[in-house]
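Both backbone and side-chain heavy atoms feed into the values below; hydrogens, waters and symmetry mates do not. In what follows, chains are A, B, ... by sequence order, proteins preceding strands, each numbered from 1.
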There are 2 protein chains.
Amino acid sequence: MNKKVREKFIMDTLYKKGKISVNQIIEKFNVTSMTARRDIAKLAEEGYLIRTHGGAILADPLENMFSFATRIEANKKHKIDIGRKAAKFVRDNESIYIDSGTTLIRMCPFLKDRKGLTVITNSLPAASELSNYSNIRVTILGGDIIHERRSIYGHTAVEQAKKYSVKKAFIGTDGVSLKNGLTAYGNNESQVSNVMASSANEVFLLCDSSKIEHDSTFKFAELSSIDYLITDSGIDKKILQKYKKNKVNIIIA
Amino acid sequence: MNKKVREKFIMDTLYKKGKISVNQIIEKFNVTSMTARRDIAKLAEEGYLIRTHGGAILADPLENMFSFATRIEANKKHKIDIGRKAAKFVRDNESIYIDSGTTLIRMCPFLKDRKGLTVITNSLPAASELSNYSNIRVTILGGDIIHERRSIYGHTAVEQAKKYSVKKAFIGTDGVSLKNGLTAYGNNESQVSNVMASSANEVFLLCDSSKIEHDSTFKFAELSSIDYLITDSGIDKKILQKYKKNKVNIIIA
DNA sequence: ATCAAAACAAACATTTTCGAACATTAATTT
DNA sequence: AAATTAATGTTCGAAAATGTTTGTTTTGAT
């Protein structure tokens, strides 16, 4: 079971230093280069890192490696994990809704191999990312753009949203708690999420653990309106138990 | 494995300082000048930067936005010229429509200082670019996305377009001729352009000179429906005269 | 306009890393 | 315990990265 330990070491090193070499792995664990390379290959396959000659660097699926300032976003790793997990629920030939939000964007790269997928979204970056994949049909909601979030909202967006019905809706939130359900900073964007969620067969809420048991200003949906809550391993055990007791279908990525 | 790391360093430096020298790379990574130059050459090949003697400077940011397979557009200079010229017709506190198309995108950076501007667009990259400027209200048309063009079309988009009325519409085309007017490859996108143009006080057609007296498949508008044709200095003198005789209001950027 | 220094690039040499194929050794299942 | 599966090791030719040499081009100062 050393494999998992090596993988953890690789990712830890990457998050700390941004890069790792095959030799580092060889020396640390006394394995052959082939094994080290296989580890790296596997993690690359899963989208965690980008291979290089002699090692690997940290992957960032969205900003291709030449991103503007390389500010290391808080919770980026967690968000990628959540995005990957969420993407696993998407099947070929489905139609899904992807909400705006930094966590939701992380789903997109993991959808690129789906066949016959139709995606409806109110997220400008999600639409941009998905429009790279010619096999995915992308529909964007029209309306006004919120600059800070690159998301689309307003009456027009809501009206358009009402016309669609999707199999699965993947939505975000600014906060979620057992007491107040889903809450957001602004009242506007969440209306779109609500409409799309209400027509969906299954609703997935994606939120990193920092938002759990944290309330924002506007309450926009009950906890019961979601079918699955996908979050990261950073969630407090006690809170996790409490949620399970309250029959929230919680998934740890 | 240093290669990717060097590339990242090069691009980071470029984004921070706008330029980089071969010597900086040599000193930082202890490599030969040949290696440093090969790095630069490769990145230039991919369109990320522009080579100079002794180093490189940053390539156009817009290029990077969708650029994965960035073929370096011919006519880029011309398109920028056209975009700059077109932007000069935009006043504070107006509402305008910006069509999809590579020429139209070039307008956006020149609009960043306008006050109280409202922009409606069916172009994904234009919307992305404009959403960087918090002083500009951006409305995007909803609908299906054409991958190759990053533009939005279809029934939904047309219906939404009908609800707006703008002061000035800036539209693009695949071809324009005295005989056939404005023509496009596909029949779909141009419908949106048509609707927005018909409600506008003034219609500007932006097209580089390679498209003039060149016909595409679908005829979507008369030449008389546009008020100004903005093109580049590459236009043939004889054709220019002919257009002027036919009372086309032609502007050379 | 001329010249020297710096920058460049083609061709070739060297070093390093890869990865496919097969062998071996755990770990799991039956 | 035998069979199956997963993980790791070994070998070796191919590919990639980098260095070296050498002659050409560019630049900038005179």
Within this structure, what is the [atom1]-to-[atom2] distance between [X] and [N], rounded to whole angstrom?
X	N	atom1	atom2	answer
A/D39	C/dC18	CG	P	13 Å
A/I25	C/dT17	CD1	P	12 Å
A/R38	C/dA20	CZ	C1'	10 Å
B/N2	C/dT15	CG	C1'	14 Å
A/I40	C/dT17	CD1	C1'	11 Å
B/R51	C/dA7	CZ	P	13 Å
B/F29	D/dA17	CZ	P	15 Å
B/E7	D/dA16	CD	P	14 Å

Phosphate oxygens OP1/OP2 of [N]: is one of them under 4.0 Å from a side-chain N or O of [X]?
X	N	value
B/R37	C/dA6	no
A/R6	D/dT8	yes
A/T35	D/dG9	yes

Scan A/T52 against the nucleic acid and name what it touches under 4.0 Å (heavy atoms): base, sugar-phosphate only, or nothing.
sugar-phosphate
With no hydrogens and no angle check, is any side-chain donor or acceptor of A/T52 less than 3.5 Å from a backbone partner on A/G55?
yes
From the options D/dG9, C/dT17, C/dA10, select the nucleotide whose nearest atom is closest to the side chain of B/M34.
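Between D/dG9, C/dT17, C/dA10, the one nearest the side chain of B/M34 would be C/dA10.
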Which nucleotide, D/dT26, D/dT18, C/dT17, lies nearest any side-chain atom of A/H53?
C/dT17
Calculate, to the nearest 0.5 Å, the distance between atoms CD1 and CD1 belonging to B/I40 and B/I50 respectively.
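Here the rounded value is 12.5 Å.
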Gap between atom CD1 of A/I82 and atom NZ of A/K79 - 0.5 Å precision:
8.5 Å
A/R84 and A/D81: salt bridge (charged side-chain N to carboxylate O under 4.0 Å, His left out), yes or no, with the steps?
CA-CA 5 Å; A/R84 179 184 306 106; A/D81 286 340; 3.2 Å; yes
Taking 4.0 angstrom as the limit, do A/E213 and A/K242 come out as a salt bridge?
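A salt bridge is absent here (no side-chain N lies under 4.0 Å from a carboxylate O).
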